[in-house]
Engineer: 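My questions will all concern the structure given below.
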Number of protein chains: 2
Amino acid sequence: MPRTSDKRERLIRSADQLILRRGFRQTTLSDIAEDSGVPLGNVYYYFKTKEEIGRAIISGRTEAMKSLLAECSQAEDPKSRLLQFLDYPVKVRRELANNGCPLGTLSYELSHLNSKLCDSAKDLINIVLEWSTHQFELLGRADARQLGLQFVSNLQGMSLIANALKDPGVVDEMVERTRAWIASL
Amino acid sequence: MPRTSDKRERLIRSADQLILRRGFRQTTLSDIAEDSGVPLGNVYYYFKTKEEIGRAIISGRTEAMKSLLAECSQAEDPKSRLLQFLDYPVKVRRELANNGCPLGTLSYELSHLNSKLCDSAKDLINIVLEWSTHQFELLGRADARQLGLQFVSNLQGMSLIANALKDPGVVDEMVERTRAWIASL
DNA sequence: GTCTATATGTTGATAGAC
DNA sequence: GTCTATCAACATATAGAC
C-alpha cells in the first residue's frame with residue numbers, strides 16, 4: 001500500500017549518508033537507489049530531480065541543527081548553552097574527522113555550484129551563527145557578532161582540519177581551547 | 001615549434017582558476033580546454049588523465065603557499081612572521097569570499113574523493129600548520145602545536161564563513177581578531 | 001606537436017508496462 | 001505506486017590524420 005511505504009524516508013536517509021561521505025556532486029542517483037534498496041526508476045516518483053533531493057538533505061540537516069540548538073537553549077545561562085553545544089562536536093568527532101562538518105562541507109560545495117541550491121549555503125551557516133551571536137548578546141557583549149563569528153569559525157576550522165588530517169583528536173583539542181575561551185569571557 | 005609553446009602553462013592556469021571557482025569534480029576537461037584555447041584532444045598530450053591535472057594544481061598551490069611562507073619567514077621574529085602572513089588573506093578577501101580558501105576548498109573536496117588525490121588533502125593543510133606551529137615553538141610555547149592548530153583553524157574557519165555569507169568583511173574582522181590574539185601572546 | 005573525430009562509459013531523467 | 005528498459009546528454013579518454 002502507498003501510505004505505508006517508507007521508501008521516501010529510506011531514500012533521504014541513504015542520500016544524506018552518501019552525500020556526507022562523498023559530497024553531493026559525487027553521489028549519483030544510482031548510488032542512492034542501490035543503498036536504499038529502491039529501484040532507480042522509482043526514485044523519480046519521490047523526487048522529480050536530483051536538486052530536489054539536495055533540498056531535502058539541506059532541510060533535514062537544518063532541522064537537526066535547530067533541534068540541537070533548541071536543546072542547548074534550555075540551559076540556564078548563555079555560557080552554559082555555548083558550552084553545552086560544544087559537547088556535540090566531541091560526541092561526533094569520528095564522523096567529523098571522516099567526513100567533515102555536515103553543514104560546512106555542504107556549504108562549501110554548494111557555494112561552488114551553478115544551482116539554486118547555492119543560496120542555501122548561506123542559510124546553513126547562519127543557523128549556528130545567529131544562535132551563538134544571540135548568546136553573546138545575552139552576555140551583554142557589544143562585540144557579540146564578532147564573538148559569534150569566532151565561535152562558528154572555530155567549529156568550522158576544527159572540522160576542516162580534523163578531516164584533512166583524518167584525526168579526531170584535533171576536535172578534542174580545539175573544543176577544549178574553545179571551552180576555555182568561553183569560560184574566560 | 002614545440003619548445004616555444006605555452007599550452008601547458010595556459011592549461012594549468014585555466015584549470016586552477018576554474019577549479020577554484022567551481023571545484024575539481026565540477027570542472028570538466030572541456031571547460032579547461034575552452035578557457036585555455038587548447039583543443040580538447042590536445043589536452044591529453046600534456047596530461048594523460050584528469051587526475052594528473054589535479055596533481056598539477058595541488059602542486060602549484062602548494063608551491064605558491066611555500067613561497068608566501070618563505071617571504072614571511074624573512075621577518076625578524078616569529079610574531080612578526082605570523083602577523084605578516086595575515087596580510088595575505090586580507091589582500092585576497094574578495095577571492096576568499098567568492099571561492100573560499102584555495103587550500104581548504106580543495107582539501108575538503110579531495111578528502112571525499114575515491115582517488116589517490118585524497119592523500120594530498122593532508123599535505124595541503126599541513127604546509128601552513130607546520131610552519132605556524134614552528135613559529136610558536138620559536139616563541140618558546142610548550143603548546144605550540146595547539147596554537148598552530150588554532151591559527152590555521154582561524155584561517156580556514158574565516159574563509160568558509162566568508163564564502164558562505166559571500167562577505168569579504170568577515171575576513172577583515174576575523175583577521176583583526178587573530179592579530180590581536182597573536183599580539184597578546 | 002597539433003587537432004578532428006569518435007569511442008566508451010556514466011549520469012540524470014523519461015516512457016510505459018504492470 | 002512500482003519497476004524495467006532506455007534515452008539523451010555529457011565526460012573522460014583514444015585513434016589517427018596532419
Side-chain angles (χ1 to χ4, degrees), chain A residues 1-59 106 109-110 112-118 120, chain B residues 1-59 106 109-110 112-118 120:
Chain A
M1 274 318 193
R3 279 201 300 167
T4 57
S5 172
D6 61 343
K7 287 205 171 89
R8 190 188 161 89
E9 287 172 32
R10 268 159 47 208
L11 282 169
I12 291 183
R13 192 146 33 88
S14 289
D16 190 66
Q17 288 176 2
L18 289 171
I19 290 171
L20 190 58
R21 284 203 289 266
R22 332 217 279 233
F24 179 73
R25 188 67 164 70
Q26 184 77 8
T27 300
T28 69
L29 294 171
S30 179
D31 293 334
I32 298 170
E34 187 186 14
D35 187 79
S36 61
V38 175
L40 179 56
N42 198 6
V43 172
Y44 289 90
Y45 175 76
Y46 296 97
F47 300 97
K48 269 188 275 293
T49 63
K50 187 184 179 184
E51 188 174 308
E52 207 168 298
I53 294 183
R55 275 198 294 274
I57 268 56
I58 293 171
S59 172
L106 200 53
E109 184 175 5
L110 294 183
H112 290 325
L113 251 52
N114 304 334
S115 158
K116 293 162 193 167
L117 293 176
C118 193
S120 305
Chain B
M1 271 319 190
R3 280 200 299 166
T4 57
S5 171
D6 62 342
K7 287 204 171 91
R8 191 187 161 89
E9 287 172 31
R10 267 159 48 209
L11 281 168
I12 291 183
R13 192 146 35 88
S14 289
D16 190 66
Q17 287 177 2
L18 289 171
I19 289 171
L20 190 59
R21 285 203 289 267
R22 333 216 277 233
F24 179 73
R25 187 66 163 69
Q26 185 77 8
T27 300
T28 69
L29 293 171
S30 179
D31 293 334
I32 298 170
E34 187 186 14
D35 187 79
S36 62
V38 176
L40 178 56
N42 198 4
V43 172
Y44 288 90
Y45 175 76
Y46 297 97
F47 301 98
K48 270 189 274 293
T49 63
K50 188 185 179 184
E51 189 173 308
E52 207 167 299
I53 294 182
R55 276 197 294 274
I57 267 58
I58 292 171
S59 171
L106 201 52
E109 183 176 5
L110 294 183
H112 291 322
L113 251 52
N114 305 334
S115 159
K116 294 162 192 167
L117 293 176
C118 192
S120 305

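Source: prediction; values computed, not measured. Order of the sequence lines fixes the chain letters, A, B, ..., with proteins taken first and strands second; residue numbering starts at 1 for each chain.
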Engineer: C:dT2 phosphate, OP1 or OP2: any side-chain N/O from B:Lys7 under 4.0 angstrom?
Structural biologist: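 For C:dT2, OP1 or OP2 has a side-chain N or O of B:Lys7 closer than 4.0 Å.
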Engineer: Closer than 4.0 Å, any side-chain N/O of B:Tyr45 to the OP1 or OP2 of C:dT2?
Structural biologist: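 Result: no.
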Engineer: Check whether any side-chain nitrogen or oxygen of A:Ser5 sits under 4.0 Å from OP1 or OP2 of D:dT2, and answer yes or no.
Structural biologist: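 Result: yes.
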Engineer: By nearest atom, which of the nucleotides D:dT12, D:dT4, C:dC3 is closest to the B:Leu40 side chain?
Structural biologist: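 For the B:Leu40 side chain, the nearest candidate turns out to be D:dT12.
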Engineer: What nucleotide among D:dA13, D:dT2, C:dT14 has an atom nearest to a side-chain atom of A:Tyr46?
Structural biologist: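 So the nucleotide nearest the side chain must be D:dT2.
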Engineer: Does A:Leu11 offer a backbone N or O that forms a donor-acceptor pair with the side chain of A:Ser14 under 3.5 Å?
Structural biologist: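 Side chain of A:Ser14 to backbone of A:Leu11, a donor-acceptor pair under 3.5 Å: no, none is there.
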Engineer: Counting side-chain heavy atoms from C-beta on, which of C:dA13, D:dT2, C:dT4 comes nearest to A:Leu29?
Structural biologist: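 Within the option list, the nearest is C:dA13.
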Engineer: If you only use heavy atoms from C-beta on, which nucleotide in D:dC3, C:dG12, C:dA13 is closest to the side chain of A:Thr49?
Structural biologist: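 Nearest listed nucleotide: C:dA13.
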Engineer: How many Å lie between CD on A:Glu51 and P on C:dA13, as a whole number?
Structural biologist: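 So the two atoms are 9 Å apart, to the nearest Å.
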Engineer: I'd like to know if the side chain of A:Thr49 reaches the main chain of A:Glu52, judged simply by a donor and an acceptor atom lying under 3.5 Å from each other, with no hydrogens or angles considered.
Structural biologist: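 Yes, A:Thr49 side chain to A:Glu52 backbone: donor-acceptor pair under 3.5 Å.
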Engineer: Got a sec: does the CD of B:Glu9 have more than 12 other heavy atoms crowding it under 6.0 Å?
Structural biologist: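 No, because the 6.0 Å sphere around CD of B:Glu9 holds 12 heavy atoms or fewer from other groups.
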Engineer: How do B:Asn42 and A:Val38 order along DNA chain D: which one's closest nucleotide is nearer the 5' end?
Structural biologist: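 Checking each residue's closest nucleotide, the 5'-ward one belongs to A:Val38.
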Engineer: Rounded off to whole Å, could you give me the CZ-to-C1' distance for the B:Arg8 and C:dT2 pair?
Structural biologist: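 Atom-to-atom, B:Arg8 to C:dT2, this comes out as 16 Å.
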Engineer: Could you check how far CD1 of A:Ile32 sits from P of C:dT10, rounded to whole Å?
Structural biologist: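 So the CD1-P distance, A:Ile32 to C:dT10, works out to 18 Å.
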Engineer: Rounding to an integer number of Å, can you tell me how far A:Glu52 CD sits from C:dG12 P?
Structural biologist: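 For the pair A:Glu52 CD and C:dG12 P, the rounded distance is 15 Å.
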Engineer: Determine whether a donor-acceptor pair (N or O, by modelled atom type, separation under 3.5 Å) exists between the side chain of B:Glu109 and the backbone of B:Arg25.
Structural biologist: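 Between the backbone of B:Arg25 and the side chain of B:Glu109 there is a qualifying donor-acceptor contact (under 3.5 Å).
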Engineer: How long is the line joining CD of A:Glu9 and P of D:dG1, in whole Å?
Structural biologist: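 Answer to the nearest Å: 14 Å.
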Engineer: Can you measure B:Lys48 atom NZ to D:dT12 atom C1' for me and round it to whole angstrom units?
Structural biologist: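 Whole-Å distance recorded here is 15 Å.
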Engineer: Name the residue closer to the 5' end of DNA chain C, choosing between B:Pro39 and A:Asp31 according to the nucleotide with the nearest heavy atom.
Structural biologist: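 By nearest-heavy-atom nucleotide position, the 5'-most residue is B:Pro39.
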Engineer: Please answer whether the main-chain N or O of B:Phe24 pairs with a side-chain N or O of B:Lys50 as donor and acceptor at a distance below 3.5 Å.
Structural biologist: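 At least one qualifying donor-acceptor pair exists.
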Engineer: Among the candidates C:dA13, D:dA13, D:dA11, find the nucleotide nearest to the side-chain atoms of B:Tyr44.
Structural biologist: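 Nucleotide nearest to B:Tyr44's side chain: D:dA13.
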Engineer: Could you work out which one of C:dT2, D:dT2, D:dA13 sits closest to the side chain of B:Lys50?
Structural biologist: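 The listed nucleotide nearest to B:Lys50's side chain is D:dA13.
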